[in-house]
Each structure stands twice: as C-alpha cells, then as structure tokens.
Amino acid sequence: MTGALPGVVAAIVGWLAIGVLCILKPHDLRVVRVLFPAGAVIAVALAGIGLAALAAAPQSMVLPLGLPDLPFHLRLDPLAAFFLLLLGSASTCISLFSSGYFRNEEGAAPGLLGLQYHVFLAAMALVLVADDAYVFMIAWETMALASYFLVTTDHRKPAIRSAGYLYLLIAHVGAIAILLCFGVLQGGRGDYTFDAMRGVTLGGIAPSLAFFLALAGFGAKAGLLPLHMWLPEAHPAAPSPVSALMSGVMLKTAIYGMLRVTFDLMHVQLWWWGVAALALGLLTALFGVIFAAVQTDMKRLLAYSSIENIGIIVAAFGLAIVFQANDKPLLAGIALTAALYHSLNHAFFKSLLFLATGSVLHATNERSLGRLGGLIHRMPWVAWLALVGTLAIAGLPPLNGFVSEWLLLQAFLFTPSLPQSFVNMLVPLAAAALVLAVALAAYVMVKFYGVVFLGRPREPALVHAHDAGGLERAALLLLALGCVLLGLIPTNVIGAIDHVNAQLLGTSVRAAGESTWWLLAPVALERSSYSPPIVLVVIVGVVLATMIVVHRVWHGRVRRAPAWDCGFPLQTPRMQDTAEGFGQPIRQVFEPFFHIERHLPSPSDTTPVYFMRASDRLWTWLYVPIARTVEVLARVVGLLQQGRIGVYLGYSFVTLIALLLFVG
Amino acid sequence: MSIGTQLINLFAAVLLLLAFAMLAQRRVVSLIDLFAGQGLVLALSTAVVAYTTSQPHLYQSVALTVILKVFLLPWILHRLARKLDVRWEFEGLVNTPTTMLIGIVLVVFAFNLALPISEIASTINRSTLGIAIASVMLSFLMMIVRRKAIPQVIGFLSMENGLFFAATSATYGMPMVVELGIALDVLVGMLILGVFFFQIREQFDSLDLKHLEQLRDEQLARRAPPGLEDLAKPDRELPPETTR
C-alpha cells in the first residue's frame, strides 16, 4: 500500500474543504445535510486506509508546509493506522448522525458547526500521522481549539461558556506538559522530529521525567485524575454528536500519545512507571464509576463513565509497561491488546450512547434523569439500539465490552510471575479494584437505561416524544452492529491489533495463543479460553426456549385484574424508583468520596422539596486553592500596572539603565 | 585641537545645557522654544562636522534637521499649545532640584558608558558621544517626571535629537534612508499625537495625564475572566433535582 499516507493527507484536505464549504452558506440546513454525509464517506475511506495500513510497513513523507526549515514530517505506521481506523469508523457513524441532528436553533449556525466539526476531525487525523513535535503540537492545539468552539456551541449560556473555559484551561495545561515532554525527549540535540527522538538515548532521570510529563499532558486530555474535571462539565454543554466525538475518539488520541511516547519514542520502560500508571488508572476508573452512579444528568453520567473507561485503558497500559519492563513481552502484548481493544470498543459503545442521549434530548428537551422514563414505547429504535450499547458497556458477553475486559483480567492473572514481590502483592488488589469498577459500571448502566427508557413516563410531556430520523437511526444501527461484530470476532480483531504489538513490543500475541476463529485463547487453551459464538448460541437458545415455554405452557393463563394496591391507593409515575433512589446505596457506601449538599424537608413543611447534590471534593481541595493562588499572584503582578504613563516610562528607563550597566 | 573640534565640543556643551534647561523649564511655550534651540544647535554642530570632514551627505541631514526640528515641529507645537491653552505645567512627583540632581547622576553614568565606545570610534567628534547619550537619558527622564501630555511629547522629540547626535558623533550619521524614515516617523507621530491631545481634552476637559489612570480599573473589571469558582457548583443552568 504505497498510497496510504497520501490517502490520509487527501482525507485531511477533504475534511478541511468540506469545512470551508459548510461555512459558505452557514444557515442553509440543506448544505449541512449533504456535506456531513460527504464527510462520512471520507471517514469510511480513512478507516479503510487504516485497516490496510495496519499490516503494511511504515511509510513516511515530508510536506513542504509550515515555517522555513521546518517542514511537516508525516508517518503512517501500524500504531497510527490502528487509531486512524478507530477515528474513521467512529466518525463515519457520528457524521451520519450529525447530518440529521444539527438544526438552526442551537446557538452557532449549522454551517459554522460544520466547519468546526470537520476541522476537528482533520486535526485528529493529523495528530495521528504527525512525525515531528512541531506538526504534532499544531494539530494537537487545533484539535483543542476546534473542540472548544464545538463545546461552546450554545455560547449564549454563561454555564456553557465557563464549562468551555475550564476545558480550554486544562487542555492548555496538558499541552504545556506535552511540549515539555518533547523538550526532554529531544535530548539537547534540538532536532524535534520523532525519528531523531527515537535515536536519542536518555540517561539519568530524563526518561522518567519525559514519561510523567507525557502521562500528565495526555492524561489531561484523556481525563485522568485529577485533571478529569473538564469532562463532566464539557460533555453536558456540548451538542451530543460532539460529545460522542470527543469521548469516543478524542480521548483516544491521548491514549495514542501515551503509547507513542512510551513505547515508540523511548527505548526503556521502567517497571515503576507502569505501577504508577496502573494505580492512577484504577483510581480514575473507580472514581469515575462511583461518580457516575450518583449523577442525575444523563450526559454527566456518561461523561463520568468515560472517565472510568479511560481509567481502565490506562490501567491496561500501565500493566503493559510493567510486563515489558520485566521482559515478558507476551504478557505485555496481552495487556496492550486489551488497552487497544478497549479503546476501539469504547469508541463504539460510548458514541452510540452519547448519540442516543442526543436523540432523547431532541425528542424531549430533557437531560435530567428525574424527568425521563418509559421512552422505549415512544422511541423504540433508539431504545433498542441503546440497549445494545448499554449491554456492551456493562461488559456482558457476547458483546465487545466483555472481550477487552476479559483480556485485561487475563493479563492480571499472570502477574504472579513478576520478580518484584511488592508488585506481586499489590496486583490482586488492583485486579479486585478493576472487577469492582467493571461491576459498578454495569450497575450504572442499569440505572441509565432503566430510568431513561423503561418504566412509565415521569412527565406528561414525554408522551409526545418522537423517534429519531432515518439518518440518525442508520448511524445508531451501524454503531450497534459494530459493538456486536467486535464482540463476535475477537480473534480477527486481535489479529489486526497484533501488528501494533509487533511494532511497539516486538512480539506477537496471536502466534503464541491457540486461537481459532471461534475460540479465543490468548496464552494457552488449558489456561483460559472464550468463545463468543458459543455464548451467543447459548444465550439465544435460552431466550428462545424461555419464550417457547412461556408461550406454549403458560399461554392463556394470563389474567388481568385490578392490582392489590398495597395500601397505596394513588400511584403516579413520579413514584417510580428515581435516579437518586437507585444510586443511593452507592452514595451511602462511598460517602467519603463525595461532597454532599442535601436538603431534607421537615414534616410540617407545606411545600416540601427534597434536594441533593453530590459534588467532587477535588474542587474544594485542589482546584479552588490553585485558582485562589493564581488570583493572588495575579493581583501582585497587577500592581505593576499603575496606569500612569510616567511609571511605565520609568520601567523602560530602569530596564535600559540596567541593560547598559550589565551589558555595556 | 583644531577649531572644528573645539566648535563641535562647544555645541555639544550647549546641547547638554539645553537638555538641562528643558528638564527644569515649566512654561510650555518656553519649552518649545528650547526644543527649537536644541534643533538649531544640533544642525549647527552637524554642519561643522560635515564641513571639517567633508561629508556631503551630512548637509542633507542638516537641511532636514533645520526644516523639521527648528521650524515645522515647533510651529505645530506652538499652535497646539495655543489651541489647547496649555501654558504651565505643575510640578510633578519629583521636584525640580531633585530632578536636576538625578540628571547629573545620569550624565556621569552616560560619560562612563561612552568611554569604551569613544575609544573605538575614529570620528573627530567622538568625545561628544557621552553628551549624546546623556541628552537621550535626560529626555527620557523628562518624559517620566512630566505630567502633561505636551511636555512628554517634547521629551520624546528631544530624545530623537539626542539619538541623532549620538549617530553623528559615533559614525558620522546614519544612512540617509534611515534618517529620512525617522524624520517622517517623528512628523507623523507628532500629527497623530496632536489629534490625541484633542481627544484627551474633549474626554477629560484637561490634558493632565492623571485622568488616564482611571482607565485602568475599568479595564480590569471588564476583562475579568469567567469565575472559576462559579464552576464549583455544577449544573447551574439546570434546576436542582427536586422531588415534591
């Protein structure tokens, strides 16, 4: 495939061109309805290129763009190809959905959104093929800015503006860390191409410094603790397709960056880096899922769930480092495969769920779980497709979420072979934490799905909810099919991911295992195996058998009668279990995690209002003190600004005298 | 010592004296006259340099200096002062004797600074480099201590005089293109500042620059970033979850 990299460049240019076309007639919806599917076609092509380039040899090119003597270096290797595949396949569906979703009423004009959206896509693609720090940073910052403008689409609301501000702030803190990381990696040679960085051998604390700068910088974009704060603010603010794109794809570019820096640009990996990443990832996963359990806004819930999934991916990444540093490439390969597999899965099911919330939002104008319910009757398409996503994210076989989490657990089970006894002792705890996070994720998803789609409508207005349009249904259907497919053919998916393993770790997982198309056995058949088709057949068989039994044996015995009202003569839909009620046990168990404001009405209250808000302690412990310190420092610096011209001239005069004294 | 060198030194001394006079002068009209005088002395000394070293291109500089700094700029300044009705300048933060003392310190500093440079220079008037630097600094000082807008502009213009003098004494003047460019800059700058004076006076009924200080706080208030602490309360636009 010699034309792969030029193809990627053509796709980037194509997206930019579509963006420019969108802005020509910003208020004409017909233009958007045509141009977004055109973007989806490009995305399909990009996914195809990614798939083809996975097995191909790396290729690079130099574009004579940018500053003099600083051309754009691009490179397409299996790692980049895998993430291009992820970007292309997820954005195909999201673009398709967007073309039916964007309307004229939401803040910015649809054409302007189209420009920002396609620039965002192009920047993400450029991040993945960048082969020097200069292009990488340009693309990275373009991505941050484009997504900032997308988040603040509805910029007339002050809450959305400040959510965007927080996002931009954390994105920039992360970008500074990444820039410093590249500064360490070039090793004093002043050559910022990735090729030169691969050739540098760092000594002393420089590699550790570079790794932790990368972890902090990319972690800020991915939403690792404690820089996760922007996610639950930005996702509810952004339009749903943008949330899907940011959560499904953009967070993965941060994972890509971590992998690129750790396994490709650096030669050594130290085991304690892996332990740090593992601990941070698991902490993030637990934190995210616990907060997701108490949310009452469906998009905030999904945002916290994204934090959880990123935590799991980073934990797998950390485990891969631990194994690689201890010279166990096969196990490192399994952990890395789990990380990449879960990235791909998360791109599918999280996009699906975010898009489903978008459809619900359009149909009901409501994001609060307390005012939804019973939508499966009004919006069957969205509800049933969202069910697939819900099951996948909850990690149930035979869907895709199960496979990656199972692989990660397999990798955990092999840790007793590690030489560091300290790690050996901690790993069972880590595995337990992972299982806890996964189980709680299932709990959260039951809450999400149950409250939104099942039961009876909590508000009378929900009766008028309508199902999503044709393009939106098609997009959701494609994503749901992706979830099923990724779950059913794990051996093929792992075969594709294996090219990345071969590039980064120099080992192949596939050759070691005894997998066939229907049976997945990553290490050896007698140790562990999983066969999705069998699981599927059993599940379908059991369901069919139950249905037959119910219909044949019990058919006709159903009797409808007034229910015994259990002493509650009046029952309204508002008396169903609420989101808060469902999350209450978790809130009780993990109470120290939250900062809870609660207002309980007294018995004599004639207009009783129950009110509860669980917020993040990190705000008051970390962010507010930092903000205060910055303000105080800014005030001190502000003393320089006297407003008198004489004083300003005095500054320059003193500077001049000082310079003359020291230089002259 | 040739008569030319002596003349140049004499003019340089007069230039320094005028710089001090401008620093002390508080009547605006006299200040403009002193500025014109400085321009004249500058032109004369440049003419002497041009004559003794036979540098014909310096005559063009002389002509430019005479036209611009002796006639045109003082005329514009006089007109401005008359139209804006500025005659007196109140004493600034630093009183006049102190200002003079600071000026003397600056002159000593400038001479010290010029010493190594004038040893390298091969021009006949290299000894005047210290005076040139001193007059630049004195003009800078004048801009700092003055409160009204017109004296500040005069300080700015006379700083340009000092720079010109420094250039002549170090390397027999700058290339013609640069000189023309600077002259044009000064002229245009002057015209723009004239417009600004009127705007300032219309806004504040005075040319006192202390009124400009008020702009600062308003600016700060307007530019305040969105409150980070407000974000601590999530879901502000959503009503809190209530159950009746």
Side-chain angles (χ1 to χ4, degrees), chain A residues 157-166 169 229-230 232-233 236-237 296-297 300 367-371 574 578-581 595 597 599 601 607-613 615-616 619-620 623-624 626-628 630-631 638 641-650 652-653 656-657 660-661 664, chain B residues 92-94 102 105-106 109-110 112-117 133 136-149 151-153 155-156 159 208-220 223-244:
Chain A
K157 291 183 186 152
I160 286 180
R161 281 202 302 274
S162 50
Y165 176 72
L166 181 69
L169 196 69
M229 212 43 112
W230 62 271
E233 303 297 330
T296 52
D297 175 322
R300 278 177 82 86
R367 286 189 325 209
S368 173
L369 292 172
R371 298 201 175 81
R574 306 267 330 153
T578 57
E580 286 119 321
H595 172 73
E597 290 169 72
H599 172 75
T607 53
V609 171
Y610 169 76
F611 156 79
M612 195 285 300
R613 176 186 283 149
S615 51
D616 201 331
W619 256 122
T620 40
Y623 282 69
V624 174
I626 289 178
R628 291 239 171 85
V630 170
E631 266 174 22
Q641 193 197 8
Q642 291 285 336
R644 287 187 52 186
I645 294 177
V647 175
Y648 295 147
L649 288 171
S652 4
F653 192 58
L656 178 70
I657 296 279
L660 286 174
L661 258 183
Chain B
L93 193 69
V94 187
I102 298 176
V105 173
L106 284 178
F109 176 72
N112 249 326
L113 195 74
L115 210 58
I117 306 174
I133 296 177
V136 170
M137 287 188 174
L138 289 175
S139 315
F140 209 149
L141 185 63
M142 183 170 131
M143 285 176 78
I144 294 174
V145 295
R146 292 307 172 97
R147 277 190 165 183
K148 288 261 165 74
Q152 280 201 332
V153 170
F156 172 68
M159 198 156 82
D208 198 327
L209 290 176
K210 78 175 179 214
H211 295 289
L212 291 179
E213 291 168 30
Q214 295 164 353
L215 294 175
R216 168 177 171 255
D217 283 332
E218 285 168 20
Q219 228 168 17
L220 274 185
R223 288 211 188 141
L228 195 59
E229 284 182 38
D230 293 351
L231 279 169
K233 305 176 202 91
D235 279 359
R236 260 158 308 132
E237 94 279 24
L238 286 179
E241 198 53 34
T242 51
T243 313
R244 246 169 240 279

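Since the model is a prediction, treat every value here as computed from it, not as a measurement. Just so we're on the same page: letters track the sequence lines, and every chain starts at 1.
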Asker: Taking the side chain as every heavy atom from C-beta outward, state whether B:Met137 and A:Phe653 have any pair of such atoms under 4.5 Å apart.
Answerer: yes
Asker: If I take atom CG from residue A:Leu661 and atom CZ from residue B:Phe109, how far apart are they, to the nearest 0.5 angstrom?
Answerer: 4.0 Å
Asker: Using heavy-atom distances under 4.5 Å, tell me whether A:Ile657 contacts chain B through its side chain, its backbone, both, or neither.
Answerer: both
Asker: Tell me, for A:Thr620 versus chain B, whether the close heavy atoms (under 4.5 Å) come from the side chain, the backbone, both or neither.
Answerer: neither
Asker: Between B:Phe140 and A:Leu649, which heavy-atom pair has the shortest distance, and what is it?
Answerer: CE2-O, 3.4 Å
Asker: Using non-hydrogen atoms only, which part of B:Leu106 is less than 4.5 Å away from chain A: side chain, backbone, both, or neither?
Answerer: side chain
